[in-house]
Amino acid sequence: MSKKKLPSRTEDYNDWYNTVVMRADLADYGPARGTMIVKPYGWTLWENMQQALDRRFKDTGHVNAGFPMFIPKSFIDREASHVEGFSPELAVVTIGGGKQLEEPLVVRPTSETIIGHTYSKWIKSYRDLPVLINLWNSVVRWELRTKLFLRTLEFWWQEGHTAHATYEEAQEETLQMLEVYIDFARNEAAIAPFYGRKSNSEKFPGADVTYSIEAMMGDKKALQAGTSHNLGQNFAKAFDIQYLDNNNEMQYCWTTSWGLSTRFIGAMIMTHGDDQGIIMPPRLAPHQVVLIPIHKDDGQKSIVMETVDRISTELLDHDIRVHIDDREGFTPGHKFNYWELRGVPLRMEIGPKDVANQSVTLARRDIVGKEGKNIVSQENITSKVSDLLIVIQDSLLERAIKFRDGNTCEPRDYDHFKEIVADGFALAWWCGEDTCEIAIKSDTKATSRCIPDIDLPVKGGACIYCGKMSKDKAYFAKSY
RNA sequence: CGGGGUGUAGCGCAGUUGGUAGCGCACCGCGUUUGGGACGCGGGGGUCCGCGGUUCGAGUCCGCGCACCCCGACCA
């Protein structure tokens with residue numbers, strides 16, 4: 001391992017991010033431009049995220065299925081705004097088995113179209129509804145500028161696709177899944193995103209309404225970290241998803257889709273990371289505790305390892321994810337830095353002094369240096385560790401909220417607005433017009449992130465840009 | 001596609017008037033070490049982005065490609 005320090009986040013945030021992703025062994029570049037290799041450490045994190053999400057999907061009545069990666073090109077063309085949105089970034093297969101294909105196949109950029117085609121065959125009666133399916137897969141979008149986890153040609157995600165009998169049910173589903181993402185973000189990833197409705201220009205191509213969760217990164221830029229769409233009857237009409245209602249009348253279905261991707265890993269890195277590296281929220285961390293044995297000679301080693309084995313077994317028995325770093329030839333100091341870079345939330349050092357005193361040394365990743373270090377007795381070590389993991393989880397969330405709110409302001413006027421979005425989020429009255437959003441973007445590089453559904457103390461206000469009376473406020477920020 | 005930059009060991013770089021390639025980290029071996037990034041000795045690893053040209057001789061000079069990165073237009 002390099003002994004070089006990381007680039008500091010304040011000096012070059014971008015450099016810090018790229019370096020930390022590589023050095024922490026989360027991911028690497030693939031051989032084709034813009035592709036990503038997720039390394040085992042990064043994939044384990046993804047698996048933990050998958051489990052936390054999948055549990056929530058199952059709890060809300062969804063089931064998983066697998067759908068084809070190849071989609072007939074003509075499917076994409078069926079829904080007008082969907083084509084418009086996705087055609088610039090499609091990967092298209094024209095040759096198969098050495099022969100030119102009759103019809104080109106699109107590598108799925110998302111599955112709404114093939115789902116539409118399939119649901120129209122499956123759904124005949126109101127008794128078939130709702131259909132609540134989720135897919136775990138990867139999708140391909142031919143991006144021009146890429147960045148590990150945040151935007152690559154291929155990325156891994158889940159996409160939920162549901163069909164309902166009524167608008168109300170579809171809208172309820174859309175909002176329910178938004179809630180699932182908010183809950184996942186807060187309680188698993190210790191991220192407190194803003195959330196709300198997307199503006200017309202920011203919504204998903206083919207959706208009536210898009211909702212998103214928007215998290216503030218360490219450089220105060222916004223990252224869209226999950227989306228939930230009410231697709232109305234757009235895809236139902238394009239793919240003829242109809243059912244007979246209980247009056248024997250044909251009706252179009254109302255569909256939704258919602259997704260969260262490996263991009264969220266980027267959100268975790270950029271929410272919690274510091275100049276020592278990344279910080280994993282305990283609930284998702286591949287290793288929750290790293291145990292570092294310290295010893296000089298073989299005699300000390302066998303004594304120390306006895307305690308290490310006993311304590312690690314006890315922790316493992318209580319489902320705490322422990323990793324013992326017993327590699328030879330690395331000093332403890334080296335290992336401290338190594339695991340701090342990788343973000344393990346809690347480090348336990350056990351050396352001869354600890355064995356003699358029936359103690360262990362615990363070091364919190366979220367509190368750098370001596371202040372985060374404590375020597376505690378081995379008594380009830382399991383409950384001490386699991387309590388501390390909860391404390392760390394909570395403090396990460398609290399810190400993230402404080403940072404978010406400390407960098408979000410309501411502007412007095414447009415000059416003030418420009419000042420705010422240069423280095424933070426603005427919550428401002430906004431008319432919602434495309435022209436206003438475009439003007440603001442060319443002026444400030446900031447775009448509307450979402451329009452929160454919040455109780456406003458006054459009924460309306462003047463749009464921050466054009467001054468027109470507006471009933472909503474929107475968050476504005478520069479974004480990834 | 002516009003504007004800027006870089007291609008030399010896995011990574012980061014040096015390479016003088018053109019003379020046959022080196023440094024740091026990483027890697028392998030042996031020994032001493034180990035409570036905040038250990039040290040010594042030994043070792044392996046190179047179509048110098050590609051093609052063409054000038055020359056007795058090109059990493060170096062000239063021409064043409066290609067790739068990648070950064071900044072803009074598009075994006076979970």
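These numbers come from the heavy atoms of this one structure, side chains and all, not from hydrogens, waters or symmetry mates. Fair warning: this is a prediction, and the values are worked out from it, not measured in the lab. Lettering of chains follows the sequences in order, A, B, ..., and the numbering in each one begins at 1.
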Measure [atom1]/[X] against [atom2]/[N] and give the value in whole Å, please.
X: A:Asp325; N: B:G35; atom1: CG; atom2: P; value: 14 Å
X: A:Glu112; N: B:A76; atom1: CD; atom2: P; value: 12 Å
X: A:Tyr181; N: B:A76; atom1: OH; atom2: P; value: 14 Å
X: A:Glu84; N: B:C74; atom1: CD; atom2: P; value: 13 Å
X: A:Leu150; N: B:A76; atom1: CG; atom2: C1'; value: 10 Å
X: A:Phe330; N: B:C39; atom1: CZ; atom2: P; value: 13 Å
X: A:Asp12; N: B:C70; atom1: CG; atom2: C1'; value: 11 Å
X: A:Gln300; N: B:U33; atom1: CD; atom2: C1'; value: 12 Å

Between [M] and [N] - [atom1] atom distance, rounded Å:
N: B:C23; M: B:G45; atom1: C1'; answer: 15 Å
N: B:C25; M: B:G18; atom1: P; answer: 32 Å
N: B:C70; M: B:G12; atom1: P; answer: 13 Å
N: B:U55; M: B:C61; atom1: C1'; answer: 10 Å
N: B:U17; M: B:C1; atom1: C1'; answer: 42 Å
N: B:G15; M: B:C51; atom1: P; answer: 25 Å
N: B:U54; M: B:G63; atom1: C1'; answer: 11 Å
N: B:G46; M: B:A21; atom1: P; answer: 13 Å

Looking at [Y] and [X], is there a salt bridge between them, counting it only when a charged N and a carboxylate O are closer than 4.0 Å?
X: A:Glu371; Y: A:Arg364; result: no
X: A:Lys301; Y: A:Glu328; result: yes
X: A:Lys335; Y: A:Glu340; result: no
X: A:Arg55; Y: A:Glu188; result: yes
X: A:Glu349; Y: A:Lys373; result: yes
X: A:Asp472; Y: A:Arg197; result: yes
X: A:Asp274; Y: A:Arg9; result: no
X: A:Arg449; Y: A:Glu202; result: yes

Within the 4.0 Å heavy-atom criterion, would you say [X] contacts the bases, only the backbone, or no part of the nucleic acid?
X: A:Ser87; result: nothing
X: A:Glu89; result: sugar-phosphate
X: A:Arg33; result: sugar-phosphate
X: A:Lys335; result: nothing
X: A:Glu143; result: base
X: A:Gly259; result: nothing
X: A:Glu328; result: nothing

Please name the nucleotide paired to [N] by Watson-Crick or G-U wobble geometry with both distances under 3.5 Å, or report none.
N: B:A9; result: none
N: B:G29; result: B:C41
N: B:G57; result: none
N: B:G18; result: none
N: B:G35; result: none

Cation over ring face, A:Arg342 and A:Tyr338, 6.0 Å, 45°:
yes
Against the six-membered ring of A:Phe86, is A:Arg141 placed for a cation-pi contact (under 6.0 Å from the centre, within 45° of the normal)?
no
Which nucleotide in [options] has an atom nearest any side-chain atom of [X]:
X: A:Thr331; options: B:C74, B:A38, B:G37; result: B:A38
X: A:Leu144; options: B:A73, B:G35, B:C69; result: B:A73
X: A:Lys353; options: B:G35, B:A76, B:G36; result: B:G35
X: A:Arg263; options: B:G35, B:G37, B:A76; result: B:A76
X: A:Arg23; options: B:U34, B:G37, B:A76; result: B:G37

Centroid distance below 5.5 Å plus an interplanar angle below 30 degrees: do A:Phe155 and B:A76 meet both conditions?
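So A:Phe155 counts as stacking on the base.
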RNA chain B: A:Gly333 or A:Lys441, which has the more 5' nearest nucleotide?
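Comparing both residues, the 5'-ward one is A:Gly333.
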Which residue lies toward the 5' end of RNA chain B, A:Asp354 or A:Ser479, if each is placed at its nearest nucleotide?
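First, find each residue's nearest nucleotide; the 5'-ward one identifies A:Asp354.
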Examine the side chains of A:Glu79 and A:Ser81 and answer whether a donor and an acceptor come within less than 3.5 Å of each other.
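Per modelled atom types, A:Glu79 and A:Ser81 side chains form a pair under 3.5 Å.
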At under 4.0 Å, does any side-chain N or O of A:Lys445 touch on OP1 or OP2 of B:G72?
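Yes, A:Lys445 has a side-chain N/O under 4.0 Å of OP1/OP2 on B:G72.
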Give me the distances for all protein-to-nucleotides 4-7 of chain B N/O pairs that come in under 3.5 Å?
none

Can you sort out which residues in residues 283-299 of chain A have a heavy atom within less than 4.0 Å of RNA chain B? Ascending by number, please.
A:Ile294, A:His295, A:Lys296
Check the surroundings of atom CD in A:Glu47: do more than 12 heavy atoms from other residues, nucleotides or ligands lie under 6.0 Å from it?
yes
Within the modelled atom types, does a donor on one side and an acceptor on the other bring the side chain of A:Thr361 and the base of B:G35 under 3.5 Å apart?
yes
Would you call A:Ser111 and A:Leu135 a side-chain contact if the rule is heavy atoms closer than 4.5 Å?
yes
